[in-house]
Every structure is written in C-alpha cells, then in structure tokens.
Number of protein chains: 2
Amino acid sequence: MTSLQSRLQSQFDIALRPPLGPLDGMAGPLARRLGAHAPLSSDDLAALSHLAIREAMITAHTDLVRQGDAAEGAFLILEGIACRYVQRASGARQILALLLPGDLCDPDLAHLERWDHGIATLSPCRVARVPQAAVEDLIAHHPAVALALRRSKLEAEARSRSWLTALGIGLAVERLVRLFFEILDRLHAVGLADRNEGPLPLTQVDLAECIGISTVHVNRVLQELRRAGLLELKGGRLRLLDRASLEAVAGE
Amino acid sequence: MTSLQSRLQSQFDIALRPPLGPLDGMAGPLARRLGAHAPLSSDDLAALSHLAIREAMITAHTDLVRQGDAAEGAFLILEGIACRYVQRASGARQILALLLPGDLCDPDLAHLERWDHGIATLSPCRVARVPQAAVEDLIAHHPAVALALRRSKLEAEARSRSWLTALGIGLAVERLVRLFFEILDRLHAVGLADRNEGPLPLTQVDLAECIGISTVHVNRVLQELRRAGLLELKGGRLRLLDRASLEAVAGE
DNA sequence: CGTAGGTTTGAAAGCCTTCAACGACGGTGG
DNA sequence: CCACCGTCGTTGAAGGCTTTCAAACCTACG
C-alpha cells in the first residue's frame, strides 16, 4: 500500500470514529446506509455483513469496470470514493455519479448486455465484489433489505436528476458548490463527515469531470470561493465556512 | 379540441399507418414498446389494453404532475410528447427526459413521498392515468410484462446517462443533433416515424430546455444545420437529409 | 384585423476554454 | 540527506461559444 493510500484511508478513519449511531457497532457503511432507509433486524444486519467478502484495496484512478465490459455482479464500496463515468473517443470524460462508502452498485444492471459506462476509483478504495446471486438471495430472503435497496436506488435517481439539472442550468460556481454539498451530505449520512467539514480526496480534474467544466476553471472558481471566505479546501479536506452564503450561491 | 391539436394528432396518425409490425393490430404503443423488450402472449397484450382506461386529451404545455405533488399512480402516454422537468425558482427549466407514446411513467416512484420533478405535456397528448394498483397487479400476474417493464426502465436510465453526458461534454450543435437522433429513433421504434423523418411537435423553447442552452442559440444552431443542408425542420416535421454528416457532428 | 405564440436577427457582453508555462508537493532513488 | 520526477495546483493571455437584451417578423387563430 502506498503512503498516499494510507494518508487517505486515515482521513476516513478519523472521521469514522467519533459519532457512531445506534446501528453501528461492527456493521459497515452499507448497513448504516440501508438502515437509514428501512429498519433492519439483527438478522438482516448479519446477512449484510456476510456480503462483503472478497474485499480488495484498489489504488486511485483505477477502473473497476470498463465501458463495454460484459455485465457481471455488483460492487460494494467500503472506503474511498469511486464513480460512474462515460468516456468519449475524444478522451473527454463525464462523471455521472459518485459512489461513496456504503453504496452498492449495481444490482439492477444484470439485464443489460454490456456496461454502457465505466466504474472507476477516484481515491484509493476498499471494494468488495458481490456476486449477482448473493444480491438476489439477499433481496429474496430479507424484505426489509430489499425495501431499503429500492429506496436507496430512488435516492440515487433523484440525485442523478438534480445532477443533470445543475449541468443544464447552472454556472460553474453553482455546480461546484452543489457538488460539495452533495458529497458532504452523503458522507455525513454514513457518519464519515461532519455537516460542514469532511474528507474530499478528489483532484481538481475529478471535480471538473463531475460538473462538466475545464480543470482550469475549477481552479479559478475554487480560488474565488476561498478568497470570499466561503470555504477551505486543502490536503484533501473540505470545510464550509459560510454555509448560508454557499447556499445562496448554489441557488434554489 | 383545438385545431392545433388536430393538426398534431394527424401528424402522428399519418406516420402510424404504414408499416405495422406483427404485434400491432389493435394493440397500442405501450404493447409495441414492451413487445420489443420481451415476447408477450396474447393474454399479456389483453391485460395491457385494459390498462389504458381513463384516457384524456391534454393540451400542449400543461402540467400532468407538478413538482411537490404527492406521489400517485402512473401515467401512460398514448399520443404526443411529454417530459419530465425540473423548474427552478428563477424560472429556468430543465427537461430531464422525453416521454413518447408507449412510455409508462412512473411505476417505481410510489415509494417517494413527493415528486421531486414535474411532468408536463409539450405537444397535445392523449394520456391515460394508471392507478398504482393496476401496475402492481400487472407486474404480479404477467411476468413477461414485468420483465419488459424492467428492461424498458433500464433503457430509460441508459438514455438519461447519455443525456447527462451530452450536457457535460458537448457543444450546442452536438446536443441538438443527439436529441433529434433520440427522438426519431424512439418514435421509429414504436412505428411513429421513419428512420430519417418524423413528427417533431416541439418549440425551440422546448428544445432549448432539453439541451440546456438558450432559445436564441437553438435557433442559430438550427439555421446553421439547415444552411449546411443537413436537415429540414418546419411545420412540426423533422427530416434528416444527411445522416452521415449529422452523426459526425454528434460525435462518438 | 388584431393578438399571441413562435421564430429570427443584431450587437454587446460574459462565461468559459484552450494553450502554455510555472510553482508546489511528496515519493523515489542514489 | 539530497536530487530528481511525476502529479497536482496555479496563473496569464487570447479567443470562442453562448447568453442577454431588444426588436422585428411571421403565422395561426379568434
């Protein structure tokens, strides 16, 4: 493991310790995520914890699934940040969605012949491959988990809608701030970040590919936000200093 | 019914007559759409045809569901073009997806408390409201239909991904041409258009809201395409004159 | 014949991109 | 321990795509 990895992992570890909810204990981020959507029994939780076998540590900026690959089982992100993306022949890449710890992707894609998009790590990630059968088994025998998965999917779709909206009608600043809100909120939901501060192990290139603007412009927008005293971002750590003003910038 | 409506309806009717597939007969566009995803028995088809009760003719630019409404049953578009959209307080509107004849929306949204987006007609539409119970019933008793619905949903998600990608990394021309391709391809799939020609009852404002650019710019891009002899668009009818060049413009 | 909605046009300005180069930082290897 | 190197961040200048504002045109409809 490179020291880059250990640096980033420790970022998450630090945030992981303090405020553990009632469901936590030994349960992983998946249980924490799903538990927020539907009440899970200890039996459900046990089943979930058995899901994450075949873990692996993956370095940053590595493909988990390449565009065009044959459809296979699902992935579970245990640590780090990954993404779905589309890459054009021109080399341009658009990130479609972020995959954060606790995200299970993609139970439903089984019916698709081939992946029409790729999945790649952005930061170093601990990832578990989950066979399709295991997911189906889980859904069949644990209705509460199935419900939570459905709700979690709906949430992801809603996020995708607002992501698309931001791309369609939003200046660069707005898109960037919204992205920061989304990341912090989602990390917060699984206990990996504070509401206004958390790890952000993404490069400016990654951010640019999320919100559909050039890297250079990401840099300039960031500096403007910093100069205005609205946020801090350094060393892979993001702090929102003036949430009210930031919300005004994000609009709506 | 206004004469605008009758004009547009007849556009669809004309295209509807000629090449009818084996599944057609009296089956509506929904059956045609779903039949493409999974083989349906005559029993399945009968069940589908009973779904579309409570039809109504709706004028163009009318809300079927408003953002913030309580979640309810599904809609079935029988004729015309509708859309999902998000509207900002600023008045800016982003269209998320088009709903074409045969599209059923939204069997899955039942678990969401409130609609986070609206649904509105763009052209005059014939629409049927489908109670949630009817959809669930259909899925429970007609596995082939359930499968077709799942596949159709996957297809919609794939479209949403490429829509998002176009917004993120594409010039205005590219986005517009891709939109035209999508519309013609989808209409073609349900027998309502030729591969290179079909009805396009959308205003330039609608097009602008689909691809996230200003109305004025839609107009300028359109004229460029016309001047280059790549397409014709007038009187609600679109003709692609040079598919090869258009595909080059759309990229990838 | 007037009105409303949709389309077209021009000019000015703005947001963002591109290209290119430099600075900063941490890790690797000597 | 220091030098080298790659990745990431930063900066400037020039240009391009797109927006905004405003006004004119056109067509279908009442």
Side-chain angles (χ1 to χ4, degrees), chain A residues 1-8 10-11 59-62 90-94 121-124 166-176 200-209 211-227 232-238 249 251, chain B residues 1-8 10-11 59-62 90-94 121-124 166-176 200-209 211-227 232-238 249 251:
Chain A
M1 185 191 312
T2 71
S3 81
L4 174 63
Q5 283 179 353
S6 61
R7 175 169 63 82
L8 289 169
S10 69
Q11 287 178 357
T59 61
H61 297 110
T62 307
S90 65
R93 179 164 104 151
Q94 175 65 42
T121 58
L122 294 178
S123 77
L167 283 189
I169 52 174
L171 298 186
V173 214
E174 177 187 330
R175 300 192 211 170
L176 188 58
L200 188 73
L202 303 186
T203 68
Q204 293 186 354
V205 176
D206 298 330
L207 295 173
E209 289 175 339
I211 62 181
I213 69 179
S214 71
T215 313
V216 175
H217 200 53
V218 165
N219 185 298
R220 291 197 231 272
V221 170
L222 264 179
Q223 312 230 24
E224 231 171 83
L225 290 170
R226 284 196 270 241
R227 252 179 266 128
E232 268 178 18
L233 173 56
K234 60 182 174 192
R237 202 147 188 90
L238 170 67
V249 168
Chain B
M1 187 189 306
T2 71
S3 82
L4 175 63
Q5 282 178 357
S6 61
R7 177 169 62 83
L8 289 166
S10 70
Q11 286 180 357
T59 60
H61 297 111
T62 305
S90 66
R93 178 164 106 153
Q94 175 65 43
T121 59
L122 294 178
S123 77
L167 283 187
I169 52 173
L171 298 186
V173 214
E174 176 187 328
R175 300 191 210 171
L176 188 58
L200 188 73
L202 304 186
T203 68
Q204 293 187 354
V205 176
D206 297 331
L207 295 173
E209 289 174 345
I211 63 183
I213 69 178
S214 70
T215 312
V216 174
H217 200 52
V218 165
N219 186 296
R220 290 198 233 271
V221 171
L222 264 179
Q223 312 230 22
E224 230 170 86
L225 290 170
R226 283 196 270 241
R227 251 178 269 129
E232 267 178 19
L233 173 56
K234 60 182 175 192
R237 208 155 178 86
L238 171 67
V249 167

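We use all heavy atoms of the structure for the numbers below, so side chains are in, but hydrogens, waters and symmetry mates are not. Chain identifiers are assigned alphabetically (A, B, ...) following the order of the sequence lines, protein sequences preceding nucleic acid strands; residue numbering begins at 1 within each chain.
Among the nucleotides C:dA11, D:dC21, C:dT7, the one closest to the side chain of B:R220 is C:dA11. Checked against C:dT17, C:dT9, C:dT7, the side chain of A:H217 finds its nearest nucleotide in C:dT17. Nearest nucleotide to the side chain of B:H61, out of D:dT11, D:dT18, C:dG6: C:dG6. Nearest to the side chain of B:L171, among C:dT17, C:dG6, D:dT18, sits D:dT18. Side-chain proximity of A:V216 to the nucleotides C:dC19, C:dG6, D:dT20 is greatest for C:dC19.
A:K234 contributes atom NZ, which lies 14.5 Å from atom CG of A:L200 (distance to the nearest 0.5 angstrom). Here the NE2-CG distance, from A:H61 to A:L122, works out to 5.5 Å after rounding to the nearest 0.5 Å. Going from atom CG of A:L176 over to atom CD of A:Q204 covers 9.0 Å, rounded to the nearest 0.5 Å. The structure places CD1 of B:I169 at 10.5 Å from CZ of B:R175, a figure rounded to the nearest 0.5 Å.
Relative to the axis of its first five pairs, the axis of the last five pairs of the helix from C:dC1-D:dG30 to C:dA21-D:dT10 sits at 40°, rounded to 10 degrees.
Within the nucleic acid shown, B:R226 comes within 4.0 Å of sugar-phosphate atoms alone, with no base atom in reach, counting heavy atoms only. Among the atoms of the strands shown, none is found under 4.0 Å from any heavy atom of A:L222.
One can place CD1 of A:I169 at 16 Å from C1' of D:dT18, the figure rounded to the nearest angstrom. In this structure, the CD atom of A:E174 is 14 Å from the P atom of C:dC15, given to the nearest Å. The separation between B:R175 atom CZ and D:dC17 atom P is 13 Å, rounded to whole Å. The CD1-C1' distance, from A:I213 to D:dT18, rounds to 16 Å in whole Å. Computed from coordinates, the B:K234 NZ to C:dT8 P distance equals 12 Å when rounded to whole Å. Atom P of nucleotide C:dG6 and atom CD of B:E209 are separated by 11 Å, given to the nearest angstrom. Atom CD of B:E224 is separated from atom C1' of D:dC17 by 11 Å (rounded to the nearest Å). Atom CZ of B:R227 and atom C1' of C:dT7 are 14 Å apart (whole Å).
At least one side-chain nitrogen or oxygen of A:N219 sits closer than 4.0 Å to the OP1 or OP2 atom of D:dT10. A sub-4.0 Å separation between OP1 or OP2 of C:dT8 and a side-chain N or O of B:Q204 is present. Put simply, A:Q223 has a side-chain N or O that comes within less than 4.0 Å of OP1 or OP2 on D:dT11.
Residues satisfying the salt bridge (Lys or Arg N to Asp or Glu O under 4.0 Å) criterion with B:R93, sequence neighbours excluded, are B:E209.
The two atoms that bring A:T121 and A:T59 nearest to each other are OG1-O, 2.8 Å, heavy atoms only.
Using a 4.5 Å heavy-atom cutoff, the side chains of B:N219 and B:T215 are not in contact.
B:D206 places a side-chain N or O within donor-acceptor distance of the main-chain N or O of B:T203, the cut-off being under 3.5 Å.
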